[in-house]
Amino acid sequence: TQLRASSVLAMTSLGKFARPALPELEAALQKRLPEGEASFPGVEEHLRNALIQALIALKPTTPTAAELLGKALIYPYLQLLGAADDLKEEIKQLLEKGQTEAALKRIQSLSRAEDSPAFFTQRDVGPKGDYTGTAQHQGAIYRVGTGVAWEGVEKISPQEYQKVLNRRAGKGQKATSWRSLDFPHLYRVPVSKTGPDGKTETIYLEGEDFVLDGHDAKVRGWSIFIDDRGYIHLMGGQHNTPHPDYFIPGSWEDMGLSRDKTSPDFPAQMYWVSQQPGDIHSLEFAGRRSDPRSVPAEYLNYLVFLQNPEQVTYLYGRSNAHGFQSWGMFRYDSEEKRWSPVGGDAMQITKNIQATMPDWLGRARDSIRGRMPSQPTKAAPLVWAWQPAFYNFCRDNWGARFDATGRMHLHMQIAGLTEGGYHGLSGIYAWSDDLGKTFYRADGSQVQLPLTVNPALKHQANIRQGGQLEWWNLWTGLLKELGVQLPRPSSL
């Protein structure tokens, strides 16, 4: 199938010289479509996607070709967007006249409108896309800080800070020696809710005396989401792990937290959950190490929340496993109020390499921090790769997304040693139709977690290898024909 798809794409590149093959291309596409209403094509449907792309590129004007494209691509897309019947009728009339190009342009104008439905789950993208600063639920909009990634805090003036110091000194809390009045990076964390009526209410997280040192930009990054039961979740204020010195003395003590990193009351992450649905006034700290509601990870950064069309929630960002920075992902169960990892033990990557390429392990040198995994750990990364250094960038303006069919797509940047022993920045791609339990490569083959760019055949998901990039570009090319605006993966 992949060879036939590649042949169709090669033929399409001939342009007008390939037009005599249109009847055969149309017949082949007809065979690939199911009876009744066709579903939207998936990334792994290589031949179908290639045939669709060929018909679009060769611009046939016959009603037969237009009808095929309508059934194979256009109608399923309109169905996913929930397009109005009058628009569907307009598109249908264009297709019946063989005006495929005009129909696509009409859909593109819809997709590019600011208020159009999105094919993918929405979140901030680009250089400010590492946190989820805004959430919507039942007509209300929730924001932390300005609602924009990296802007989850509000600066406090020297005059206001002096009032905070006076109040804390009155409680016997030694805050006066923490930061000076002219320190330029003192902040509070405002959380707001704008209701369907347009009215906005705002609170400061843990009150006006909860002041943090935000000289590290990551401490100013906060994320918010509303689960399917309406409870508010808020997380941020940390660079990999909570740092007690970044919070004014007395603030952690007021919350019952310990500044002793060995204590069960030390926070695994800075994480709050509302005690009442939709109530920003009832936020309660849930991130202490001993709290079963906390995320089972003590190393997280660039925190991003996303939800599938059924509002199942996921958290992902940079994590740490076996001494190497990696990608971590966690799924939330709102009934049990628990997080569980979506990932696996990186030692399985080592074992798989050892079984298939034992010489590779011998050539690989130990890193400057952390070694090749030889023992299992509690850490269960989503994406992990051995490389000669601890640091891995683990940021991407694509990341994880759900499309309108409910399929999860992962496209994440990571560095690592490849089969030839070369170190370089690459990325993985995989998709899942069962909430992250089972993943597949772009070629349709199953891949095991954690995903890697190392030469572990069972876990290898490098988008630059095995034709993955070809099929990814083919599928995303169809989306672009429909006007879907895709963030450019920085690893390509």
Side-chain angles (χ1 to χ4, degrees), residues 121-136 141-156 179 183-192 202-206 210-226 232-248 251-252 267-273 280 283 285-287 294-295 297-307 313-320 325-330 332 339 391-401 412-413 487 490:
T121 46
Q122 295 200 35
R123 69 174 181 87
D124 295 333
V125 296
K128 293 190 175 183
D130 300 302
Y131 296 89
T132 315
T134 301
Q136 300 184 36
I141 301 174
Y142 299 80
R143 296 182 178 89
V144 53
T146 65
V148 176
W150 296 92
E151 298 178 10
V153 295
E154 175 184 289
K155 195 166 186 177
I156 182 173
R179 301 291 186 268
F183 188 73
H185 294 293
L186 296 176
Y187 304 91
R188 292 169 173 148
V189 184
V191 182
S192 65
T202 303
I203 60 103
Y204 286 107
L205 182 65
E206 295 294 337
F210 187 73
V211 179
L212 57 86
D213 172 353
H215 78 274
D216 183 333
K218 298 175 184 65
V219 178
R220 304 195 296 270
W222 289 75
S223 292
I224 190 170
F225 86 92
I226 318 300
I232 307 165
H233 298 246
L234 183 69
M235 190 179 297
Q238 65 183 61
H239 183 166
N240 299 330
T241 59
H243 197 310
D245 188 50
Y246 287 177
F247 296 84
I248 190 169
S251 58
W252 279 24
Q269 58 276 152
M270 303 305 291
Y271 173 42
W272 285 257
V273 180
I280 61 175
L283 288 168
F285 192 76
S294 66
V295 182
E298 296 196 1
Y299 189 106
L300 285 172
N301 207 12
Y302 309 124
L303 311 164
V304 176
F305 291 118
L306 78 157
Q307 292 175 311
T313 303
Y314 294 76
L315 163 68
Y316 73 91
R318 186 173 71 189
S319 64
N320 189 348
Q325 290 187 331
S326 315
W327 284 99
M329 175 177 277
F330 306 87
Y332 187 66
W339 293 93
Y391 188 78
N392 223 326
F393 195 51
C394 294
R395 289 175 62 189
D396 206 297
N397 59 1
W398 175 273
R401 290 172 179 268
M412 295 175 166
Q413 179 175 269
S490 57

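Below, all heavy atoms of this structure are taken into account, side chains as well, without hydrogens, waters or symmetry copies.
Between the side chain of Thr132 and the main chain of Phe305, a donor-acceptor pair closer than 3.5 Å is present. Side-chain atoms of Gln269 never come within 3.5 Å of backbone atoms of Leu300 as a donor-acceptor pair (strictly under, hydrogens ignored). Checking side-chain atoms of Asp396 against main-chain N and O of Trp398 turns up a donor-acceptor pair under 3.5 Å.
Closest approach of Arg188 and Pro190 over heavy atoms only: O-CD, 3.3 Å. Listed here is the closest heavy atom pair of Met270 and Pro242: SD-CB, 3.8 Å. In this structure, His215 and Phe183 approach most closely via the heavy-atom pair CB-CZ, 4.4 Å.
Between Leu283 and Ile203, the closest side-chain pair of non-hydrogen atoms falls below 4.5 Å. Side-chain contact between Leu212 and Val219 is present, with heavy atoms from C-beta onward closer than 4.5 Å. Side-chain contact between Leu306 and Tyr314: present, with at least one pair of heavy atoms (C-beta onward) separated by less than 4.5 Å. Put simply, the side chain of Met235 does not reach to within 4.5 Å of the side chain of Trp272, judged on heavy atoms.
In this structure, Asn392 CG and Asn320 CG are separated by 10.5 Å, a value rounded to the nearest 0.5 Å. With rounding to the nearest 0.5 angstrom, the OG1 atom of Thr134 is 15.0 Å from the CZ atom of Phe225. A distance of 4.5 Å separates OH of Tyr187 from CZ of Arg220, quoted to the nearest 0.5 Å. How far OG1 of Thr313 is from CD of Gln307: 3.5 Å, rounded to the nearest 0.5 Å. The distance from the OH atom of Tyr131 to the CG atom of Leu303 is 5.5 Å, given to the nearest 0.5 Å. Interatomic distance, Gln238 CD to His243 NE2, rounded to the nearest 0.5 Å: 12.0 Å.
Residues passing the side-chain hydrogen bond (donor to acceptor under 3.5 Å, both in side chains) test with Thr202, sequence neighbours excluded: none. Listed by chain and residue number, Arg289 satisfy the salt bridge (Lys or Arg N to Asp or Glu O under 4.0 Å) test with Glu298 (two or more places apart in sequence, or in another chain). Here Arg318 pairs with nothing under the salt bridge (Lys or Arg N to Asp or Glu O under 4.0 Å) rule; sequence neighbours left out. For Val144, the side-chain contact (heavy atoms from CB on, under 4.5 Å) partners are Val189, Trp222, Ile224, Leu234, not counting sequence neighbours. For Gln325, the side-chain hydrogen bond (donor to acceptor under 3.5 Å, both in side chains) partners two or more places apart in sequence, or in a different chain, are Tyr299.
With Phe210 as the fixed residue, the ring pair (Phe, Tyr, Trp, His ring centres under 6.0 Å) test singles out one of Tyr204, Phe285, Trp252, Phe247: Phe247.
Residue pairs meeting the salt bridge (charged side-chain N to carboxylate O under 4.0 Å, His left out) criterion with at least one partner in residues 233-245, sequence neighbours excluded, are Arg179-Asp245.
Taking the six-membered ring where tryptophan is involved, the planes of His233 and Tyr271 are essentially parallel, since the angle between them stays under 30° and well short of 60°.
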